[in-house]
Amino acid sequence: MYILADRPRRLESYVGGVWTRGAKDGVALLDAATGAPVALIDSSGIDFAAALAYGREKAGPALRRMSFHERAAMLKALAQALMDRKEEFYALSTATGATRTDSWIDIEGGIGTLFSYASKGKRELPNTRVLADGEVETLSRDGTFSARHILTPLEGVAIHINAFNFPCWGMLEKLAPTLLAGMPAIVKPASQTAYLTELMVRRMVETGLLPEGSVQLVCGSVGDLLDHVDGQDVVTFTGSAVTGRKLKMHPAIIENSVRFTMEADSLNAAVLGLDAGPGTEEFELFVKEVAREMTAKAGQKCTAIRRVIAPRAHSDALIAALDERLGKVALGNPADESVRMGPLASLGQREEVRARIRDLAADAEIVAGDPANPQVVSGDVEAGAFLNPVLLFCGKPGAARAVHDIEAFGPVSTLMPYDTAEEAVDLVKRGKGSLVTSVFTNDPCIAEELVLGIAPFNGRVMIGNRASAKTSTGHGSPLPGLVHGGPGRAGGGEELGGIRGVKHYMQRTAVQGAPGLLSAVTGRWIEGAPVRADGEHPFRKSLAELRIGDQLVTATRTVTLEDIEHFANFTGDTFYAHMDEEAARANPFFDGRVAHGYLIVSFAAGLFVDPAPGPVLANYGVDNLRLLTPVYPGDALQVRLTCKEINPRINAEHGEVRWDCRVTNQTGATVAQYDVLTMVAKTRG
């Protein structure tokens, strides 16, 4: 596909709604295993200011007109379309040096992130264009002045500058929350593997699922793109800390307070607990995990284990076990099915890693692997960027510097011994901030001490032991629902983390005003806003007829001692406060026997439910239940039920309705407060 007439294909950028080539032939990108040219890359001649304007003016408004659920459905359809074409991506991925397993992480891992955010958008976000954040803040005694935080999409463009090691996942894990938030993006892949990103973007555009301009692509240098960013734009960067700091200090980013998220190189660690000696399951799991992280993607992962921290007494056994395991790893051309580790991304990258190994040698000695003489089962050791796994040993890590400062971005790790848990924590901290550290132990006390000690210096901590061995996603796997990022050296940023990642592309605004106007802005009824009581039971109304603020105030029901005793005997809840008058009075919260909380909720349902078949299809939950005032025999309960929020489902004949339910007694005191969740038909049957 990419070699035409014995000439590598010129990559194209997708800007302003058209595919365009750079003004020059560009730089040749070589197959990591064979050295053969794959593509030429150049972006000269692109009007980057116009590309930004196109995203802001064309795609931004179109995305913002969509609701969260509509954008979630778009992500799901896009993910499915890409999954249907995955073999095309796999075929080209071998040129990056990735094995089939490596490519699975990149390709299907990236597509899986789209699926995950599609699901989260549908389940965790309302079917609206604005997101209410937190609870209502009442600002006046009489309730006429309140405040609420809202989140709305930024009106700029997210510029994603990505690394070479994950040309698919690195793009999709950023695009998923960006598009779900309602913001367009410009993707700038690292040049070395940009041909795979370009292919995937082509297929995305061809689906026609995205509003025009939602995703633009720059293959090559970004030129003066950052000169034109403003306060509504976002810039994210994945790569070296040196480059990241330069971008972060760009005058336009500083002057306009542009949101900037960086994920930089990280000296991640794996700690073997003092309890996990040779012969334990945790020791074997540790060896397996370290070897896997050294060899997956040829060690070219931002989350790879760079520092192996283990009890001094187990160092020799650990070196022997890792040497044996790493020695069995078949290095070669990733197109060869027998190969378990492919080459580095380029010959230049191999020389870079060799140079960093020499730097590490100031503090450590090589105990496994020979960086100068790669041993391959297939491929050309001269033309391909092959490098066998290299393990170093630093006997005095507390006095060393290089092993805590220098990252060899390849299949390289350094073993460091420790004697106490405090020393292990100190060694982790010397990395100055990491994306992830794993701890392997079966001792709860050791786990607590290590995790709490290292957590402030890590974006994620994984605990490994025998109980989770079969289900653990492993040290090096960023997951859509978990934060990916880390403090200090790791860049100080956060990506993913579920809906947290979506909010990064939105502006949080505190809105103050009368409750009725706040309800209109947020699409959610709040206390003090207007209500409608038109005589028709709200449960008789379909979504088409129901309005936020529709309210029912019920008749009353008196709670008797017989009710309490019957409920206790019927349910088996014979807690003393319901059954023993003397013991209940001795409780500082009660003046005698009280009704069960769930009896109150049950009686409330009996008061507000309309029993006839109708638009209300099902009750599917209760949120935020609070029992505020004890209920005694003789108290009269009354319910005020108010339609709080309406979320129609797309591609379905029903939607969710959230009801504010307030239960009061004969004095007007609130007995219970909670939200009732129901499924309601869109139209009357």
When you look at Ser103 and Ser93, which way does the side-chain hydrogen bond (donor to acceptor under 3.5 Å, both in side chains) test go after all the steps?
CA-CA 6 Å; Ser103 297; Ser93 183; 2.6 Å; yes
Verdict with supporting geometry, Ser67 and Asn127, side-chain hydrogen bond (donor to acceptor under 3.5 Å, both in side chains):
CA-CA 6 Å; Ser67 70; Asn127 193 16; 2.5 Å; yes
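Considering only heavy atoms from C-beta on, Leu40 stays 4.5 Å or farther from Leu29 through its side chain.
Partners of Arg508 under the salt bridge (Lys or Arg N to Asp or Glu O under 4.0 Å) rule, at least two apart in sequence or in another chain, are Asp133. Every residue two or more places apart in sequence or in another chain that forms a side-chain contact (heavy atoms from CB on, under 4.5 Å) with Leu677 is listed here: Tyr620, Asp623, Arg658. Residues that satisfy the salt bridge (Lys or Arg N to Asp or Glu O under 4.0 Å) test with Lys297, not counting sequence neighbours, are absent from this structure. For Phe457, there are no ring pair (Phe, Tyr, Trp, His ring centres under 6.0 Å) partners at least two apart in sequence or on another chain. Tyr117 meets the ring pair (Phe, Tyr, Trp, His ring centres under 6.0 Å) test with no other residue; sequence neighbours excluded. Contacts of Glu545 classified as salt bridge (Lys or Arg N to Asp or Glu O under 4.0 Å), with partners at least two apart in sequence or in another chain: Arg684. Take Phe68 and apply the ring pair (Phe, Tyr, Trp, His ring centres under 6.0 Å) test, not counting sequence neighbours, and it matches no residue. Lys644 pairs by the side-chain hydrogen bond (donor to acceptor under 3.5 Å, both in side chains) definition with Asp675, not counting sequence neighbours.
Other residues, nucleotides and ligands contribute over 12 non-hydrogen atoms within 6.0 Å of the NZ atom of Lys120. Heavy-atom contacts from other residues, nucleotides or ligands closer than 6.0 Å to NZ of Lys682 number more than 12. Applying the 6.0 Å contact sphere to NZ of Lys76 captures no more than 12 heavy atoms from other residues, nucleotides or ligands. Atom CD of Glu653 has 12 or fewer heavy atoms from other residues, nucleotides or ligands within 6.0 Å. Under a cut-off of 6.0 angstrom, the local environment of CD in Gln232 is crowded, with over 12 non-hydrogen atoms contributed by other residues, nucleotides or ligands. A 6.0 Å sphere centred on CH2 of Trp104 holds no more than 12 heavy atoms belonging to other residues, nucleotides or ligands. The local environment of CD in Glu206 is crowded, with over 12 non-hydrogen atoms from other residues, nucleotides or ligands closer than 6.0 Å. Enclosure of atom CZ in Arg85 by more than 12 non-hydrogen atoms of other residues, nucleotides or ligands within 6.0 angstrom is indicated.
Distance check, rounded to the nearest 0.5 Å: CE of Met679 to CG of Leu543 gives 11.0 Å. Remark: Leu125 CG to Ile499 CD1 distance equals 4.0 Å, nearest 0.5 Å. Note: Cys219 SG to Glu198 CD = 5.0 Å, rounded to the nearest 0.5 Å. Separating the OG atom in Ser146 from the CG atom in Leu139 is a distance of 6.0 Å, to the nearest 0.5 Å.
Ring-plane geometry between Tyr505 and His160 is classed as perpendicular, the angle between the planes exceeding 60 degrees on a 0 to 90 degree scale with a lower cut at 30.
Without hydrogens or angle criteria, Glu137 side chain to Arg148 main chain gives no donor-acceptor distance under 3.5 Å. Remark: side-chain polar atoms of Arg202 are not paired, donor with acceptor, to backbone N or O of Thr197 under 3.5 angstrom. A donor-acceptor pair under 3.5 Å is absent between the side-chain atoms of Glu108 and the main chain of Lys86, judged by distance alone. A distance-only check finds no donor-acceptor pair linking the side chain of Asp31 to the backbone of Val38 [under 3.5 Å]. Panel note: side chain Arg306, backbone Leu267; no donor-acceptor pair is recorded below 3.5 Å. A donor-acceptor pair is defined here as one N or O able to donate and one able to accept, closer than 3.5 Å; no such pair exists between the side chain of Ser434 and the backbone of Val436. Without hydrogens or angle criteria, Thr243 side chain to Ser240 main chain gives no donor-acceptor distance under 3.5 Å.
A donor-acceptor contact under 3.5 angstrom links the side chains of Trp659 and Thr678, judged on distance only. For the 3.5 Å distance criterion, the side chains of Thr303 and His475 fail to qualify, holding no donor opposite an acceptor.
Between Gly433 and Arg489, the shortest heavy-atom contact is O-CB, 3.7 Å. Taking every heavy atom of both residues into account, Phe145 and Pro515 meet most closely at N-CD, 4.3 Å. In terms of heavy atoms, Met462 sits closest to Gly474 at SD-C, 3.2 Å. Between Leu175 and Ala185, the shortest heavy-atom distance links the atoms CD2-CB, 3.5 Å. Contact between Ile650 and His69 at its shortest, heavy atoms only, is CD1-O, 3.4 Å. The two residues Leu63 and Gly182 come nearest to each other via the heavy atoms CB-O, 3.7 Å.
Contact check on Arg10 versus Asp25 returns a salt bridge, with a Lys/Arg side-chain nitrogen under 4.0 Å from an Asp/Glu carboxylate oxygen. In this structure, Glu87 pairs ionically with Arg100, as a charged nitrogen and a carboxylate oxygen lie closer than 4.0 Å. The residues Glu293 and Lys301 are annotated as salt-bridged, a charged nitrogen and a carboxylate oxygen being separated by less than 4.0 angstrom.
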Distance-only donor-acceptor pairs under 3.5 Å for side chains of residues 478-485, two or more places apart:
residue : atom : partner : partner atom : Å
His484  : NE2  : Glu263  : OE1          : 2.9

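Annotation: salt bridge (Lys or Arg N to Asp or Glu O under 4.0 Å) contacts involving residues 208-237, sequence neighbours excluded, comprise Arg56-Asp230, Arg56-Asp233. For residues 244-260, no pair satisfies salt bridge (Lys or Arg N to Asp or Glu O under 4.0 Å), with sequence neighbours left out. Within the structure, the side chain to side chain donor-acceptor pair (under 3.5 Å) test picks out the following pairs touching residues 510-526 (sequence neighbours left out): Arg524-Glu645.
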